[in-house]
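The next block holds one structure in the form of structure tokens; read it before the comments.
Just so we're on the same page: letters track the sequence lines, and every chain starts at 1.
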Protein chains: 2
Amino acid sequence: MTAADSSPFDFAAYLEATRLRVEVALDGSLGPERPESLREAMRYSLLAGGKRLRPILCLAACELAGGDSALAMPTAVALEMVHTMSLIHDDLPAMDNDDLRRGRPTNHKVYGEANAILAGDALLTRAFEMVALRSPGVEAERLLAVVGELSLASGAPGLVGGQVVDLECEAKSVDLDTLEYIHLHKTGALLRACVLTGALIAGASEDLLAALRTYARGIGLAFQIIDDILDVTASSEVLGKTAGKDLTADKTTYPKLLGLEESRQRADALVVEAKAALAPWHGSAAPLLALADYITSRDR
Amino acid sequence: MTAADSSPFDFAAYLEATRLRVEVALDGSLGPERPESLREAMRYSLLAGGKRLRPILCLAACELAGGDSALAMPTAVALEMVHTMSLIHDDLPAMDNDDLRRGRPTNHKVYGEANAILAGDALLTRAFEMVALRSPGVEAERLLAVVGELSLASGAPGLVGGQVVDLECEAKSVDLDTLEYIHLHKTGALLRACVLTGALIAGASEDLLAALRTYARGIGLAFQIIDDILDVTASSEVLGKTAGKDLTADKTTYPKLLGLEESRQRADALVVEAKAALAPWHGSAAPLLALADYITSRDR
């Protein structure tokens with residue numbers, strides 16, 4: 001949290017306060033679903049903690065664009081739902097076959113495969129419901145644009161496409177371009193949707209939207225490089241998921257292609273680039289600037 | 001196709017012409033996805049034929065409400081995408097474990113489980129993209145309402161919720177209320193969304209929307225009763241899927257609870273009820289009235 005030290009903006013307090021707002025909204029986002037078992041499976045993964053970076057990015061982008069972040073909260077929740085759905089499906093036996101996620105058994109380990117698939121499907125559709133039917137006070141044109149960004153980020157042009165290429169490349173050695181492709185889609189697309197949707201709700205200018213695309217590309221790739229680095233350097237206990245899995249699975253990673261040191265340098269350069277894009281908005285961009293630093297300084 | 005005989009409206013011609021329009025739109029709905037394997041898996045199930053009842057219901061409801069059905073075509077495609085996604089996921093080994101669908105191997109038998117799950121996810125998100133980003137000429141308020149209906153029909157309040165209850169009730173004997181709950185959600189919700197979204201795009205009155213809800217409830221339940229009946233009476237060859245599966249799986253069905261004869265009577269009564277709701281719109285409701293008959297007279 002170096003950014004907080006160099007400016008009067010108290011990032012740690014901002015991060016915690018915003019995360020708590022998000023937790024409250026997430027907790028209230030699931031209705032009395034029937035059957036109860038579906039609701040439980042949805043809640044289990046949606047309320048499993050985590051940094052809530054995606055909703056926070058959305059709210060911060062809304063504020064940067066001059067909007068009231070309360071209006072973006074349903075969209076922020078929707079983004080976390082899509083993220084959660086992708087984790088549930090990626091963890092399935094047919095995919096990454098993971099037993100542990102955020103320090104707890106994965107969804108299908110607790111509720112079974114069928115319910116895990118369906119809980120993911122239900123979270124994905126509920127995300128669109130949040131935007132379309134539970135976003136009072138935002139004009140329809142803006143919400144429709146949010147639905148568009150969310151659909152592009154979630155599907156074949158975004159995280160599903162990235163996951164398919166990722167699975168195809170397992171146990172194959174891939175080049176840097178393909179690795180970047182995977183990450184820009186599997187992780188980057190949704191992070192971009194976070195800042196774009198927040199800004200769209202506030203009616204952001206084209207200039208700001210373009211800057212946010214550059215920002216998101218930088219933090220998205222940096223985020224994934226750090227993830228690869230942590231997989232090599234951190235223990236399972238700190239990560240809350242099975243560490244060293246990428247190496248075991250013979251997966252191509254940044255450290256494997258570039259070495260740890262150059263991977264770290266590349267992540268840093270991407271963060272510098274991301275922050276530079278928001279320079280014209282300096283003061284009001286403080287949360288997003290600090291978030292960019294936070295992402296590369298995190299140790300878990 | 002008895003309805004066509006009793007009126008000057010040529011239902012057979014209408015059905016075929018509309019189905020062909022839908023096929024063309026479906027064929028053009030998937031872009032040049034990367035990777036190619038994802039696109040193939042999506043196309044395999046989306047373009048597998050079928051009666052295209054859902055898109056046709058949507059277009060017919062749009063016309064009944066005085067709209068240009070071309071404006072509803074992207075939504076009609078979206079509805080078929082959601083339907084296709086639900087078939088792909090329902091067929092998975094973790095769910096109904098079906099090998100055959102529409103006379104061909106199921107998606108996961110051809111592309112593997114991981115790709116089948118992801119192709120379903122991609123079709124679901126592409127459905128929302130069709131409405132939000134590929135529906136030129138329709139005002140945002142109406143498209144947003146369509147997104148809302150589509151999300152409710154697809155998720156926990158609709159087909160996912162119905163599928164969860166259905167799986168929970170497998171090999172259990174359930175009562176008529178529960179059976180109806182399952183079908184109203186698993187099949188009925190999406191059929192309701194078909195007619196409501198078509199009508200919403202045309203700016204339908206509240207009266208018409210209410211009538212269409214009644215209509216959809218009737219044809220939805222009738223449709224499912226007929227499905228249960230066919231599972232008992234038809235061969236796999238005619239059905240294009242594994243016949244007698246409900247009996248093998250010890251599933252509760254209408255014929256099992258009510259007998260074949262009463263099941264057939266109940267389906268007929270529901271169709272009468274559905275058609276009565278549209279009586280005030282008689283002439284312009286001809287396609288929907290004929291569709292209601294078609295659904296109960298179908299032998300496959």
**Fill in**
Expected contact set for residues 191-204 of chain B against chain A at heavy-atom separation under 4.5 Å reads none

**Message:** Within residues 82-92 of chain B, which residues come under 4.5 Å of chain A, heavy atom to heavy atom?
**Reply:** B:Met85, B:His89, B:Leu92

**For chain B, the option from A:Val164, A:Leu133, A:Leu159 that forms the most heavy-atom pairs under 4.5 Å** = A:Val164

**Prompt:** Is any side-chain heavy atom of A:Pro157 closer than 4.5 Å to a side-chain heavy atom of B:Arg126?
**Reply:** yes

**Item:** Distance-minimising heavy-atom pair for A:Gly155 and B:Thr125
**Value:** CA-OG1, 3.0 Å

**Item:** Heavy-atom pair count under 4.5 Å with chain A, highest-scoring of B:Ala94, B:Ala119, B:Gly161
**Value:** B:Ala94

**Message:** Checking A:Glu23 now: which residues fulfil salt bridge (Lys or Arg N to Asp or Glu O under 4.0 Å) with it, not counting sequence neighbours?
**Reply:** A:Arg19, A:Arg52

**Item:** Nearest-0.5 Å distance that lies between atom CE in A:Met95 and atom CG in B:Asn115
**Value:** 8.0 Å

**Message:** Heavy atom to heavy atom, less than 4.5 Å: which residues from residues 142-154 of chain A reach chain B?
**Reply:** A:Leu143, A:Leu144, A:Val147, A:Gly148, A:Ser151, A:Leu152, A:Ser154

**Request:** Answer with side chain, backbone, both or neither: which region of B:Asp121 has an atom nearer than 4.5 Å to a non-hydrogen atom of chain A?
**Result:** both

**Prompt:** So which of A:Val165, A:Leu118, A:Ile117, A:Leu167 has the largest heavy-atom pair count under 4.5 angstrom toward chain B?
**Reply:** A:Leu118

**Message:** Quick check on A:Glu168 against chain B: is it the side chain, the backbone, both or neither that has a heavy atom closer than 4.5 Å?
**Reply:** side chain

**Prompt:** Considering all heavy atoms of both residues, which atom of B:Ala122 and which atom of A:Ala156 are nearest to each other, and what is their separation?
**Reply:** CB-N, 4.1 Å

